[in-house]
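The shown structure was predicted, so the numbers you read here are calculated from the model rather than taken from an experiment. Numbering of residues begins at 1 and proceeds along the displayed sequence.
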Amino acid sequence: MKRFVEGEDRTQGTLLPERLDDYVGEDNPVRAIDAFVELLDLKELGFAGAEPKSTGRPAYHPAVLLKLYIYGYLNRIQSSRRLEREAQRNLELIWLSGRLAPDFKTIADFRKGNGPAIRRACREFVLLCRNLDLFSEAIVAIDGSKFKAVNNRDKNFTDRKLQARMEQLEESIGRYLDELDRSDREPTAVSEERVARLKDRIGGLKEQMQHLKEIGAEMQAAPDGQVSLTDPDSRSMATSGRGTGIVGYNVQVAVDAEHHLLVAHEVTNLGHDRTQLVPMSQATKEVLGGSRLTVLADRGYFNGEQIKACEDQGIETLVPKPLTSSNRAAGFFDKQDFIYDAEQDEYRCPAGERAIWRFSSVERGQTLHKYWSSACTKCALKPQCTTSVYRRIARWEHEHILDRMNERLKRTPEASRIRRRTVEHVFGTLKAWMGSTHFLTKTLPRVSTEMSLHVLAYNLKRMMKIFGVQPLIRAMAG
């Protein structure tokens with residue numbers, strides 16, 4: 001093979017063995033993984049086996065298995081069986097583990113048994129980012145996205161799904177019974193083999209019907225009226241496409257607007273974001289540790305009580321109000337057309353009349369003040385305002401907080417664009433890493449652990465992009 005680059009002879013011996021350190025370059029990401037794990041106090045974080053037992057077979061140090069998992073999630077190798085194979089043949093993992101090759105069960109049991117410790121290790125990396133002064137702007141974007149669970153849609157039942165499935169079974173049973181009746185009337189029309197098959201099918205369908213009735217009893221006991229057979233914590237959730245949905249989890253993240261690092265995350269099985277603004281904002285503020293914080297979120301997070309709770313804690317929110325009123329589409333004046341006068345505690349209507357306070361009431365736990373004008377009955381603009389006798393305006397007792405937030409939004413027209421470019425790319429990247437199946441584990445605690453590993457890998461990759469491998473290692477050591 002002349003005039004080609006030639007490889008080494010496989011049978012040629014070497015006088016001195018190669019060092020493991022020769023396997024990876026100075027800028028290889030595995031060196032950053034190794035440096036980060038070596039900084040951690042695994043015993044304090046709660047990793048099992050950090051203190052060896054005096055008797056029995058020696059165990060793998062948790063640092064080895066944690067490095068293995070971080071490498072796996074950084075390189076889209078989340079399966080314990082695939083990690084077992086890679087540990088035996090991948091030069092980077094051979095260097096990282098010191099030529100150790102745990103079996104897949106040891107690898108899987110580590111993730112299963114150290115969930116809280118892994119989540120604390122993810123938090124430690126975020127705190128490291130804070131110590132490196134990467135969150136100086138204290139502006140984060142919060143958003144949620146639906147991730148698939150290990151649960152097929154056919155294995156999830158809601159009241160509507162259960163009713164539809166039972167109707168299908170009843171229809172099939174009725175059709176088979178009609179065929180049996182025809183065989184009784186005309187024995188020659190249906191063969192004996194066919195009759196036997198029909199009876200077997202009817203028996204099987206009745207068993208399915210009984211199983212569905214048992215599932216219905218479980219649904220009545222469930223707080224949200226859903227039952228998932230494969231992953232009991234997963235839930236059916238609507239997605240942005242009309243008529244679509246998945247069975248999975250709602251992952252909440254808070255992303256730093258400057259460096260796009262994940263500051264906080266949480267996995268929930270609620271299909272909406274309305275109650276997540278406060279917990280995510282609080283978790284973010286706790287991590288950042290500063291006195292000020294600005295949170296950007298989309299309309300799905302708009303909730304007066306949640307916005308007020310954030311305001312009370314000194315968290316500045318920018319959440320646009322959803323356009324739920326149908327008045328504008330029907331050709332009527334919207335509430336925005338009525339100007340509130342705080343000093344007089346009254347509204348000025350489009351016709352220039354005063355809508356004064358009339359009474360207060362409590363609806364759904366909120367105190368609402370009601371206003372209207374006595375001039376409504378004779379107003380020339382009434383056809384554009386209401387079909388009732390008076391146009392009533394409701395005002396929440398803390399609506400001044402929403403008014404202040406609306407003023408901030410007007411002064412920050414780019415808020416929505418900043419939120420989109422900050423957080424939506426993160427979700428796209430994470431889902432691309434996960435592949436079409438998304439989560440591999442079952443139940444909420446284990447899924448939360450898996451998400452923490454994804455977040456840790458994402459942040460580590462971002463930090464290597466910002467600093468470079470060797471500067472990052474020096475920054476972590478300093």
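A donor-acceptor pair under 3.5 Å is formed between the side chain of Asn131 and the backbone N or O of Leu127. At distances below 3.5 Å, at least one donor-acceptor pair connects side-chain atoms of Arg235 with backbone N or O atoms of Pro232. Checking side-chain atoms of Asn250 against main-chain N and O of Leu270 turns up a donor-acceptor pair under 3.5 Å. A distance-only check finds no donor-acceptor pair linking the side chain of Glu266 to the backbone of Gln252 [under 3.5 Å]. No side-chain donor-acceptor contact under 3.5 Å links Asn114 to the backbone of Phe47. Using modelled atom types, one side-chain atom of Arg120 and one backbone atom of Leu45 make a donor-acceptor pair closer than 3.5 Å. Formation of a donor-acceptor pair under 3.5 Å by the Lys285 side chain with backbone atoms of Gln313 is found in this model. Although no hydrogens or angles enter the test, the distance criterion places no donor-acceptor pair under 3.5 Å between the side chain of Lys442 and the main chain of Asn151.
Relative ring orientation between Phe110 and Tyr69 is described as parallel, the plane-to-plane angle staying below 30° on a 0-90° scale split at 30° and 60°. Ring planes of His438 and Phe147: tilted class, angle from 30 to 60°.
Using a 4.5 Å heavy-atom cutoff, the side chains of Leu96 and Leu68 are not in contact. Using a 4.5 Å heavy-atom threshold, the side chains of Asp109 and Lys112 count as touching. Between Asn28 and Val469 the shortest side-chain heavy-atom distance does not fall below 4.5 Å. Between Leu42 and His61, the closest side-chain pair of non-hydrogen atoms falls below 4.5 Å. Between Leu20 and Tyr23 the shortest side-chain heavy-atom distance falls below 4.5 Å. The closest side-chain heavy-atom distance from Phe135 to Val140 is not below 4.5 Å. Annotation: side chain of His369 is not in contact with side chain of Glu399 (no heavy-atom distance under 4.5 Å). Counting heavy atoms from C-beta outward, Asn303 and Leu277 have side chains that stay 4.5 Å or more apart.
Within a 6.0 Å radius of CD in Glu414, other residues, nucleotides and ligands contribute more than 12 heavy atoms. More than 12 heavy-atom neighbours from other residues, nucleotides or ligands sit within 6.0 angstrom of CZ on Arg408. With a 6.0 Å radius and a threshold of 12 heavy atoms from other residues, nucleotides or ligands, Arg274 has its CZ atom at or below the threshold. Counting non-hydrogen atoms of other residues, nucleotides and ligands closer than 6.0 Å to NZ of Lys465 gives a total of 12 or fewer. Surrounding CD of Glu214 are more than 12 heavy atoms belonging to other residues, nucleotides or ligands, all under 6.0 Å away. Atom NE2 of His425 has 12 or fewer neighbouring heavy atoms from other residues, nucleotides or ligands inside a 6.0 Å radius. Heavy-atom neighbours of Lys431 NZ from other residues, nucleotides or ligands within 6.0 Å: above the threshold of 12. For Arg99, the CZ atom counts as loosely surrounded, since its 6.0 Å shell holds 12 or fewer non-hydrogen atoms of other residues, nucleotides or ligands.
For the side-chain contact (heavy atoms from CB on, under 4.5 Å) with His260, the qualifying choice from Thr422, Asn459, Thr429, Ile466 is Thr422, the only one to do so.
Across all non-hydrogen atoms, the minimal contact from Leu83 to Gly72 is CD2-CA, 3.7 Å. Taking both residues in full, the closest heavy atoms of Arg462 and His259 are given as NH2-O, 2.8 Å, listed atom of the first, atom of the second, then distance. Between Asn75 and Tyr71, the shortest heavy-atom contact is ND2-O, 2.8 Å. Minimum heavy-atom separation, Met237 to Gly271: CG-CA, 3.9 Å. Of all non-hydrogen atoms in Val247 and Ser234, the two that sit nearest each other are CG1-OG, 3.5 Å. When all heavy atoms are compared, the tightest approach of Tyr60 to Thr106 is CD1-CG2, 3.9 Å.
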Pair Ser228-Asp233, side chain to side chain contact (heavy atoms under 4.5 Å, CB included): steps then yes or no: CA-CA 7 Å; Ser228 296; Asp233 290 342; over 6 Å; no

Apply side chain to side chain contact (heavy atoms under 4.5 Å, CB included) to residues Arg474 and Gln470 and explain how you reach the verdict. CA-CA 6 Å; Arg474 290 192 292 271; Gln470 284 301 322; 3.8 Å; yes

Could you go through the side chain to side chain contact (heavy atoms under 4.5 Å, CB included) check for Ile307 and Tyr301 one step at a time? CA-CA 9 Å; Ile307 294 170; Tyr301 288 85; over 6 Å; no

Please step through salt bridge (charged side-chain N to carboxylate O under 4.0 Å, His left out) for the pair Lys148 and Asp231, ending with a clear verdict. CA-CA 11 Å; Lys148 294 178 185 176; Asp231 182 352; over 6 Å; no

Should Glu397 and Gln366 be marked as a side chain to side chain contact (heavy atoms under 4.5 Å, CB included) after you check the CA-CA gap, both sets of side-chain angles, and the distance that decides it? CA-CA 8 Å; Glu397 62 175 333; Gln366 292 185 340; over 6 Å; no

Start with the C-alpha gap between Arg130 and Asp256, add the side-chain angles, then the distance that decides, and say whether salt bridge (charged side-chain N to carboxylate O under 4.0 Å, His left out) holds. CA-CA 11 Å; Arg130 185 189 72 181; Asp256 164 54; over 6 Å; no

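Salt bridge status for Glu86 with Arg89: present, with a side-chain N to carboxylate O gap under 4.0 Å. Using a cutoff of 4.0 Å between basic side-chain nitrogens and carboxylate oxygens, Glu286 and Arg123 are scored as salt-bridged.
Residues Gln78 and Glu450 have side chains that never bring a donor and an acceptor to within less than 3.5 angstrom of each other. Side-chain atoms of Asn156 and Lys161 form a donor-acceptor pair, as typed in the model, at a separation below 3.5 Å.
A cation-pi arrangement is present between Arg395 and Tyr340, with the terminal nitrogen or guanidinium carbon under 6.0 Å from the aromatic centre and inside a 45° cone about the axis.
Each salt bridge (charged side-chain N to carboxylate O under 4.0 Å, His left out) pair with one or both residues in residues 36-46, not counting sequence neighbours, appears once here: Glu38-Lys67, Lys43-Glu51.
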